[in-house]
Protein chains: 2
Amino acid sequence: MTMRDVATVAGVSTATVSKVLNDRPDVGAEVRQRVLETITRLGYRPNAVARGLRSRHTDTIAILTDDLEGIFTNALMRGVEDAASEYDVSVLLANSYGDPEKERKHLRRLIDRQVDGLIIMSGNRVRPRPGPALPLPGTPYVFLYEYGTSEPVPSVLPDDRGGAVLAARHLTGLGRRRIGFINGPASWDATRDRLEGLTVTVHEAGLTLDPALVRHAPSWSPEDGYALAESMLATHRPPDAIFCASDDLATGALAAIHERGLRIPGDVAVVGFDDRSLAVHQRPPLTTVALPLHEMGRTAGSLLLAAINGAPQRHELIRVPCELKVRASTSG
Amino acid sequence: MTMRDVATVAGVSTATVSKVLNDRPDVGAEVRQRVLETITRLGYRPNAVARGLRSRHTDTIAILTDDLEGIFTNALMRGVEDAASEYDVSVLLANSYGDPEKERKHLRRLIDRQVDGLIIMSGNRVRPRPGPALPLPGTPYVFLYEYGTSEPVPSVLPDDRGGAVLAARHLTGLGRRRIGFINGPASWDATRDRLEGLTVTVHEAGLTLDPALVRHAPSWSPEDGYALAESMLATHRPPDAIFCASDDLATGALAAIHERGLRIPGDVAVVGFDDRSLAVHQRPPLTTVALPLHEMGRTAGSLLLAAINGAPQRHELIRVPCELKVRASTSG
DNA sequence: CTGAAAGCGCTTACAG
DNA sequence: CTGAAAGCGCTTACAG
């Protein structure tokens with residue numbers, strides 16, 4: 001069943017069928033109608049491979065990730081798919097499992113298959129990323145949630161600094177004066193920006209940050225959040241609020257505060273970061289800075305699609321604003 | 001950069017270049033050598049779209065899942081990819097997010113793109129599955145980890161019954177005589193097979209199952225495992241072993257046993273099912289029936305590839321054997 | 001508004 | 001062993 005069959009049955013040329021299929025204006029109304037009917041009657045579907053060969057585009061983009069099982073991967077992907085579906089573009093998924101050799105192989109295959117563009121997305125950084133593992137001549141790409149891209153590539157990240165500003169304003173606005181900060185491991189780029197946002201905002205409120213209450217956790221785990229919160233609480237001037245650079249850290253902090261018999265938020269207010277589903281299930285539900293994962297995915301997708309459609313690629317970092325979710329851990 | 005360029009530079013015809021590329025025997029050694037060198041020198045890569053149009057196959061299969069974030073999805077996928085890479089076939093991923101409309105759309109697109117075959121994989125059942133959401137004329141497919149496929153489609157599942165037999169033999173071999181069973185929700189097909197395997201094996205050992213100790217949990221969660229174990233332990237003739245139909249259930253059971261101050265495995269031995277990573281981190285590490293996820297994926301991939309290469313499709317259920325992982329929760 | 005013709009980059013009988 | 005030619009199923013100038 002090919003376009004020729006449709007043409008024959010409808011009594012037109014294949015060129016006309018093609019025009020109808022591609023919504024070109026230069027087809028008469030009744031002819032268009034007849035062709036359309038024939039198509040549905042025969043159940044004809046155009047061969048995407050043939051179309052791709054001729055028209056030089058496949059209406060397909062690919063997401064290449066090294067961390068398909070990552071906690072943020074799904075929301076990011078959905079964002080990309082949302083953007084893509086607006087343009088009627090399919091999205092393929094390829095997983096390198098964190099193996100650079102696999103990444104190269106996938107990249108080559110995707111290029112061979114003529115995908116129109118690529119989104120390179122990570123959770124855990126496989127390697128330093130000056131760009132894709134392969135030069136991508138003529139294929140637009142954008143990085144999504146990839147920290148550590150020193151080179152100027154189009155890249156979409158959360159506004160970590162701005163997110164911390166939101167949290168800090170919320171806390172100072174609530175009258176908290178001694179804010180502790182349990183940051184993630186210093187090796188993560190995001191922790192620098194979050195610390196900076198917090199610091200600047202606290203200073204703007206006329207307060208200072210006590211260095212004893214500002215700590216990098218060795219990992220993002222609840223256990224480390226617990227340990228650091230406990231040590232802050234044990235000082236003779238404990239904090240009246242603890243901001244944590246992840247929800248997992250905050251979970252640990254909540255436990256430490258409870259264990260001391262302190263009230264949340266009465267004695268100590270707690271703010272997390274990420275807005276994972278566990279945040280809302282905490283006791284009390286956790287106020288947190290939501291990572292705009294879905295919006296980041298959308299942004300990356302739209303950027304890529306724009307580039308594919310000829311827009312000039314902006315080789316720069318795009319920061320997508322975070323949103324503060326206020327819950328009972330700060331405003332009971 | 002096309003095959004014509006390579007042909008010109010190497011001083012041969014495109015037909016010859018094509019033959020070299022496809023490892024056909026009918027090319028002279030020195031010509032082959034020359035073409036190969038030219039290809040690498042020019043960095044030529046064949047256009048997969050053109051090749052696909054002409055040769056009617058794309059060397060690509062797709063996995064269509066409704067549950068990309070499912071706990072078993074990754075291991076299954078890796079198995080499929082392993083099988084595919086042996087055949088030098090790429091695997092595409094498409095996610096329906098559990099939306100039947102999305103599934104249909106993906107299916108249509110994948111067929112339009114001429115994938116050579118499909119693996120339809122689920123964690124949570126979207127709908128009754130007599131087959132794919134769409135008739136797939138001429139495109140081989142196999143179901144992977146899809147329960148409830150009443151119709152005769154090629155389908156790969158774990159040997160749930162056999163897995164339960166392994167667990168039961170282990171327990172009776174250890175001399176346990178009162179075996180409790182915390183099964184999953186009765187609506188899951190797997191629970192029937194697991195119960196049957198357990199029952200038959202226990203009877204073979206000359207023992208009986210006390211109906212009071214055989215229960216369906218309302219969900220697969222640790223909380224339900226805890227509650228049911230607790231109620232079994234509270235009877236005046238408590239079990240000396242508890243078999244759980246999932247590691248999560250077993251986690252809850254372990255907690256209930258600990259809380260009663262009983263020793264594991266001294267007083268009560270515990271066996272789980274799944275072998276998720278949490279099993280090995282329990283106190284004590286959990287003996288469990290490992291789901292052969294990777295092998296299931298491989299099997300589905302191999303079956304599909306064989307079908308693509310012309311093997312007759314066997315429309316039947318393939319059960320892949322489980323493996324018992326013995327750890328300290330049964331043999332301290 | 002419609003169609004004949006060329007061509008996208010390959011592969012595949014087939015002739016030599 | 002090698003190459004000329006046809007053709008996979010579309011789209012795209014172009015002529016009418």
Side-chain angles (χ1 to χ4, degrees), chain A residues 1-36 38-39 42-60 88 90 108-109 111-116 137-139, chain B residues 1-36 38-39 42-60 88 90 108-109 111-116 137-139:
Chain A
M1 160 81 50
T2 73
M3 187 175 276
R4 161 154 270 102
D5 298 319
V6 176
T8 306
V9 173
V12 296
S13 72
T14 58
T16 299
V17 176
S18 174
K19 285 170 190 164
V20 170
L21 240 18
N22 291 290
D23 269 327
R24 307 240 179 246
D26 56 342
V27 183
E30 62 273 47
V31 171
R32 175 182 306 272
Q33 191 53 34
R34 184 148 41 96
V35 170
L36 250 18
T38 309
I39 286 172
L42 300 186
Y44 166 74
R45 303 227 84 211
N47 179 326
V49 174
R51 183 205 295 249
L53 175 58
R54 181 60 232 245
S55 67
R56 337 277 319 155
H57 62 260
T58 53
D59 294 331
T60 306
D88 248 309
S90 301
R108 258 192 288 267
R109 282 215 167 132
I111 299 300
D112 291 350
R113 294 183 61 82
Q114 311 276 95
V115 296
D116 296 337
T139 304
Chain B
M1 159 81 50
T2 73
M3 187 175 275
R4 163 153 269 100
D5 299 318
V6 175
T8 306
V9 173
V12 296
S13 71
T14 58
T16 300
V17 176
S18 174
K19 284 170 190 164
V20 170
L21 239 21
N22 292 289
D23 270 327
R24 305 242 179 245
D26 57 343
V27 183
E30 62 272 49
V31 171
R32 176 184 304 273
Q33 190 54 34
R34 183 147 42 93
V35 171
L36 249 19
T38 310
I39 286 171
L42 300 186
Y44 165 75
R45 302 227 85 211
N47 179 324
V49 175
R51 182 204 296 248
L53 176 56
R54 182 58 234 242
S55 67
R56 337 277 319 155
H57 61 259
T58 52
D59 293 330
T60 305
D88 247 309
S90 301
R108 258 192 288 265
R109 282 213 166 134
I111 299 299
D112 291 350
R113 296 182 59 81
Q114 311 274 98
V115 296
D116 297 337
T139 304

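We name chains A, B, ... by the order of the sequence lines, and we start the count at 1 in each one.
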Checklist entry - Looking across every strand, which nucleic acid part, if any, lies under 4.0 Å from B/R32 by heavy atom: base, sugar-phosphate, or nothing? => result nothing
Checklist entry - How would you label the contact of B/V17 with the nucleic acid (heavy atoms, under 4.0 Å): base, sugar-phosphate, or nothing? => result nothing
Next on the checklist: Both B/S13 and B/R54 contact DNA chain D. Taking the nearest nucleotide for each, which residue is further toward the 5' end?
Outcome noted: B/S13
Item to check | Within 6.0 Å of CZ in A/R4, more than 12 heavy atoms from elsewhere | outcome: no
Checklist entry - Counting only side-chain N and O atoms of B/N47, is one of them less than 4.0 Å from OP1 or OP2 of C/dC8? => result no
Item to check | Atom pair CZ (B/R51) and CG (B/L21), whose distance is rounded to the nearest 0.5 Å | outcome: 6.0 Å
Checklist entry - Across the strands shown, which category fits A/R56 at heavy-atom distances under 4.0 angstrom: base, sugar-phosphate, nothing? => result sugar-phosphate
Next on the checklist: Please confirm whether the shortest side-chain N or O distance from B/T2 to OP1 or OP2 of C/dG9 is below 4.0 Å.
Outcome noted: no
Next on the checklist: To the nearest 0.5 Å, what is the distance between CG on B/D116 and OG1 on B/T58?
Outcome noted: 4.0 Å
Checklist entry - Side chains of B/S90 and A/R109: do they bring a donor and an acceptor to under 3.5 Å? => result yes
Item to check | Whole angstrom value for the distance that separates P of C/dG9 from CG of B/L21 | outcome: 15 Å
Item to check | Phosphate contact (D/dC10 OP1 or OP2) by A/T14 side-chain N/O below 4.0 Å | outcome: no
Checklist entry - Using a distance-only test with no angle check, is there a side-chain donor-acceptor pair under 3.5 angstrom linking B/T60 and A/R113? => result yes
Item to check | Residue whose closest nucleotide on DNA chain D lies nearer the 5' end, B/S55 versus B/R34 | outcome: B/R34
Checklist entry - CG of B/L53 versus C1' of D/dG9: gap in Å, rounded? => result 6 Å
Checklist entry - Given C/dA5, C/dT11, C/dC10, which nucleotide is nearest the side-chain atoms of B/N22? => result C/dT11
Item to check | A/S18 side chain, from C-beta outward: closest of C/dA13, C/dT2, D/dT12 | outcome: D/dT12
Item to check | Nucleotide of D/dC10, C/dT11, C/dT2 approaching B/R51 most closely (side-chain heavy atoms) | outcome: C/dT11
Checklist entry - Given that both distances must come in under 3.5 Å, which nucleotide forms a Watson-Crick or G-U wobble pair with D/dT2? => result C/dA15
Checklist entry - What is the distance, rounded to the nearest whole Å, between atom CZ of A/R4 and atom C1' of C/dG3? => result 12 Å
Next on the checklist: In this structure, how many angstroms lie between the P atom of D/dT11 and the NE2 atom of A/H57, rounded?
Outcome noted: 9 Å
Next on the checklist: If you compare every side-chain N and O of A/Y44 against the phosphate oxygens of D/dC10 (OP1, OP2), does one of them come in below 4.0 Å?
Outcome noted: yes
Checklist entry - To the nearest angstrom, how far is A/Q114 atom CD from D/dG9 atom P? => result 19 Å
Next on the checklist: Please give me the minimum heavy-atom distance between A/A10 and A/T38, naming the atom from each residue.
Outcome noted: CB-OG1, 3.5 Å
Checklist entry - Rounded to whole angstrom units, what separation is found between the CE atom of A/M3 and the C1' atom of C/dG3? => result 14 Å
Next on the checklist: Side chain of B/A50, heavy atoms from C-beta onward: which of D/dT11, C/dC10, D/dG3 has the nearest atom to it?
Outcome noted: C/dC10
Next on the checklist: Applying a 4.0 Å non-hydrogen cut-off, can you work out what A/V49 is touching in the nucleic acid: base, sugar-phosphate, or nothing?
Outcome noted: nothing
